[in-house]
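A short worksheet on the structure shown next.
What's counted below: heavy atoms across the whole structure, side chains too, no hydrogens, waters or symmetry copies. Since the structure is predicted, the reported quantities are computational estimates derived from the model, not experimental observations.
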Amino acid sequence: MAGSAGRERMSSVDTAWLRMDRPSNLMMIVGIDVFERPVDVDSLRHVISERLLAFDRFRQRVEFDAAGTAWWVDDDRFDLDVHLQRHRLDGEGTDAQLQAFVAELAITPLDADRPLWQFHLVSNYRGTDALVARIHHCIADGIALVRVMLSLTDDAPAPTGRPRRRRDADDGSEHGDAAVLSNPWRPFLQPLTKGAVRAIEATGAAIGGSMKLAGEPERLADYAQVGQRVVVDAARIALMGADSPSCLKGVPGVAKGIAWNEPLPLDDVKLVCRALGASVNDVLLSCVAGALRTYLRGRGDDTEGCEIRAMVPVNLRSTDGPIRLGNRFGLVPLELPVGFANPIARLQEVRRRMDELKGGYQAVLAYTLLEVVGHAPKLVQDPILQYLSGKATAVMTNVPGPKALLSLAGRRLSRMMFWVPQSGDIGLGVSILSYAGGVQFGVIADRKLCPDPQTLIDAFQPQFDALMTVVAMLPPEMLGRAIDPVALEHALFDTP
């Protein structure tokens with residue numbers, strides 16, 4: 001259903017993200033750029049006006065019609081001063097002060113009568129400035145927003161004009177409310193297979209597959225195989241049990257804690273990958289699992305056999321071509337083997353589980369589920385998404401960033417970081433971003449469930465150091481080969 005000039009219907013997936021807001025978990029992506037030197041505010045305003053506002057979404061607010069349908073509408077009262085605000089930290093301007101400021105922003109709703117984004121220029125942070133961005137998830141997913149933010153930098157290509165508005169041609173007439181209300185899982189299980197296969201055809205290359213079935217008639221027999229796997233993966237999602245109980249699970253409060261670490265050298269991470277025959281993602285996720293193990297044991301939790309499930313976003317869009325806003329990703333459930341004491345065994349188990357997920361269609365199914373519930377009333381969406389969020393402890397994402405230092409408004413950026421929002425009762429978000437030769441971990445956590453997020457993130461470095469120790473002790477002939485974790489356990493990591 002096309003919109004008129006200045007008015008466009010919000011897609012069902014973006015509507016689903018818009019309606020996930022709750023006081024304990026606002027659906028905002030929060031990011032930070034740290035300047036090497038203080039930035040000129042007029043130069044920053046100019047960049048935002050010329051580059052960010054080239055995208056219609058950042059001039060549009062959300063409006064609901066009588067039927068409850070969400071529309072993007074041009075904001076006739078748009079004022080950049082409302083969206084770019086200035087703040088100054090008191091005293092020494094420490095990391096802890098900036099973290100507290102960002103944590104407060106993370107629980108402060110955006111003005112629903114304005115475009116759903118806001119930038120905060122923070123001065124007196126360690127002698128320089130930091131730019132904190134808050135952007136609602138209904139505008140775009142993390143991959144798209146990273147590209148948008150990079151388009152603001154002087155070393156990245158800027159948009160050449162206002163991107164074409166993306167029309168949502170699906171009016172949702174396939175799935176009536178009566179069917180939704182009769183069985184909360186019916187709108188999930190019935191249209192899911194058809195919608196998932198359609199999405200697989202459209203996004204097969206983006207998710208690492210080469211199966212473009214519609215364009216390869218000789219492979220139409222693959223439909224049966226795909227359909228079977230889709231049904232299996234759908235059942236896995238619908239019948240998914242809860243992960244291990246821990247101090248990180250429960251009903252969150254409102255207050256948040258923000259933490260980050262010093263970046264790991266990306267060259268060191270790649271060295272570990274080559275030596276142990278693993279991917280960068282495998283190594284980083286295994287460090288997350290190890291850090292969670294350390295943190296839980298420090299809080300008195302029993303980690304024997306512990307499995308912490310994290311919902312991991314999987315990109316379903318091509319990163320080539322023009323920047324497209326909106327959400328085009330699916331969430332896959334990854335069980336982190338927190339119960340593994342041996343870091344090599346933990347890494348190999350993470351790799352095995354990731355390989356298994358890559359061979360399935362859970363990401364596409366999750367995306368299709370959001371399409372379905374986005375058409376349904378909010379009272380139908382809430383229990384389904386609450387059910388799924390209750391099966392996980394964390395949301396975790398890993399985004400590859402630029403390899404070289406960038407500059408914004410004439411100032412080099414020494415650091416970039418972002419924090420992923422959590423839905424339902426999930427109280428922990430872990431974000432990983434590579435930038436300029438470093439890998440940065442960020443944690444956002446509910447203070448009630450995780451009162452000391454810095455303690456958690458401080459455990460990442462020792463976990464990586466343990467892997468580096470293995471690499472340093474390996475004889476040259478073993479480098480790059482599969483390593484027997486049991487043989488190393490007593491020799492190197494005799495951890496109970």
Side-chain angles (χ1 to χ4, degrees), residues 3-10 14-15 17-19 21 26-35 38-65 70-89 98 101-125 129-140 144-154 158-166 323 325-326 408-411 413 418 421:
S4 59
R7 189 171 187 264
E8 177 186 352
R9 180 173 177 159
M10 184 181 291
D14 297 342
T15 299
W17 283 105
L18 175 67
R19 298 190 308 200
D21 268 331
L26 298 176
M27 290 297 103
M28 291 186 299
I29 298 173
V30 180
I32 287 183
D33 289 336
V34 178
F35 298 93
V39 68
D40 177 68
V41 67
D42 290 333
S43 298
L44 182 60
R45 284 177 57 87
H46 176 76
V47 170
I48 293 172
S49 297
E50 292 296 315
R51 301 188 184 185
L52 186 71
L53 300 185
F55 297 91
D56 291 343
R57 284 290 178 268
F58 293 93
R59 290 183 176 271
Q60 293 175 322
R61 59 184 178 83
V62 178
E63 184 178 275
F64 291 90
D65 61 20
W71 295 80
W72 295 109
V73 179
D74 288 347
D75 183 8
D76 296 333
R77 301 182 302 133
F78 181 83
D79 181 355
L80 183 55
D81 288 334
V82 172
H83 297 273
L84 175 60
Q85 300 199 352
R86 303 182 68 178
H87 308 267
R88 179 179 175 83
L89 298 179
L98 183 59
F101 178 75
V102 175
E104 186 64 28
L105 289 177
I107 62 173
T108 303
L110 294 162
D111 186 348
D113 294 326
R114 302 274 187 174
L116 296 175
W117 66 277
Q118 201 165 40
F119 286 1
H120 305 262
L121 182 60
V122 182
S123 60
N124 191 39
Y125 167 59
D129 294 340
L131 183 66
V132 182
R134 297 191 299 150
I135 303 176
H136 200 284
H137 215 312
C138 70
I139 292 179
L145 289 179
V146 166
R147 294 190 68 195
V148 168
M149 294 303 291
L150 292 181
S151 76
L152 307 185
T153 63
D154 298 330
T160 56
R162 299 188 108 190
R164 288 184 59 188
R165 296 189 176 200
R166 190 168 171 268
I323 300 172
L325 299 184
L408 173 59
R411 293 289 186 267
L413 299 176
F418 74 102

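- Taking the six-membered ring where the residue is Trp, the centroids of W71 and F64 are separated by 6.0 Å or more.
- Here the OG1 atom belonging to T153 is positioned 7.5 Å from the CG atom belonging to L408, to the nearest 0.5 angstrom.
- When every heavy atom of P115 is checked against every heavy atom of D75, the shortest pair comes out as CD-OD2, 3.1 Å.
- The shortest side-chain heavy-atom distance between F119 and L131 falls under the 4.5 Å cut-off.
- For H83 and F78, the distance between ring centers is under 6.0 angstrom.
- Residues H137 and I29 have side chains in contact (heavy-atom distance under 4.5 Å, counting atoms from C-beta outward).
- The shortest heavy-atom contact between A144 and G326 is CB-O, 4.5 Å.
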Please report the C-alpha distance between L52 and L152 in whole Å, then the side-chain angles of each, then the deciding distance to 0.1 Å, and finally whether the side-chain contact (heavy atoms from CB on, under 4.5 Å) criterion is met.
CA-CA 7 Å; L52 186 71; L152 307 185; 3.9 Å; yes
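- No side-chain heavy atom of D56 sits less than 4.5 Å from a side-chain heavy atom of W72.
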Take E50 and V47 through the test side-chain contact (heavy atoms from CB on, under 4.5 Å) and record every step on the way to the result.
CA-CA 5 Å; E50 292 296 315; V47 170; over 6 Å; no
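- Taking the six-membered ring where tryptophan is involved, the planes of H120 and F101 are perpendicular, since the angle between them exceeds 60° and thus also 30°.
- Separation of atoms OG (S123) and CZ (R88) is listed at 5.0 Å; rounding is to 0.5 Å.
- At a threshold of 4.5 Å between non-hydrogen side-chain atoms, the residues M28 and P421 do not count as touching.
- The pair D40-R411 fails the salt-bridge criterion, with no side-chain N (NZ, NE, NH1 or NH2) lying under 4.0 Å from an Asp/Glu carboxylate O.
- To the nearest 0.5 Å, atoms CG (L145) and CD1 (I135) are separated by 4.5 Å.
- Using a 4.5 Å heavy-atom cutoff, the side chains of L44 and L84 are in contact.
- A pairwise comparison of heavy atoms in T15 and A70 identifies OG1-CB, 4.2 Å as the closest pair.
- Side-chain contact between R19 and M27 is absent, with no heavy atoms from C-beta onward closer than 4.5 Å.
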Residues R59, D74; criterion side-chain contact (heavy atoms from CB on, under 4.5 Å); working and verdict:
CA-CA 6 Å; R59 290 183 176 271; D74 288 347; 5.6 Å; no
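- For the atom pair CE (M149) and CD1 (I323), the distance works out to 11.5 Å, reported to the nearest 0.5 Å.
- Summarising the geometry, atom NE2 belonging to H87 is positioned 5.0 Å from atom CD belonging to Q85; distances are rounded to the nearest 0.5 Å.
- Within 6.0 Å of NE2 in H46 there are 12 or fewer heavy atoms belonging to other residues, nucleotides or ligands.
- Closest non-hydrogen pair, A130 versus Y125, comes out as CB-CD2, 4.1 Å.
- Test V62, L26, D14, D21 against H136 for side-chain contact (heavy atoms from CB on, under 4.5 Å) and you get one pass: D21.
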Given F35 and L121, is the side-chain contact (heavy atoms from CB on, under 4.5 Å) satisfied, shown in steps?
CA-CA 10 Å; F35 298 93; L121 182 60; 4.2 Å; yes
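- Considering only heavy atoms from C-beta on, V122 stays 4.5 Å or farther from I32 through its side chain.
- Contact of the R61 side chain with the D113 side chain is not registered, since no non-hydrogen atoms from C-beta on lie closer than 4.5 Å.
- Contact record, L80 with I48: CD1-CG2, 3.8 Å, taken as the closest heavy-atom pair.
- Around CG of D65, the count of heavy atoms belonging to other residues, nucleotides or ligands within 6.0 Å exceeds 12.
- Of all heavy-atom pairs between I107 and P109, the closest is O-CD, 3.5 Å.
- In this structure, CG on L110 lies 4.5 Å from CZ on R134, to the nearest 0.5 angstrom.
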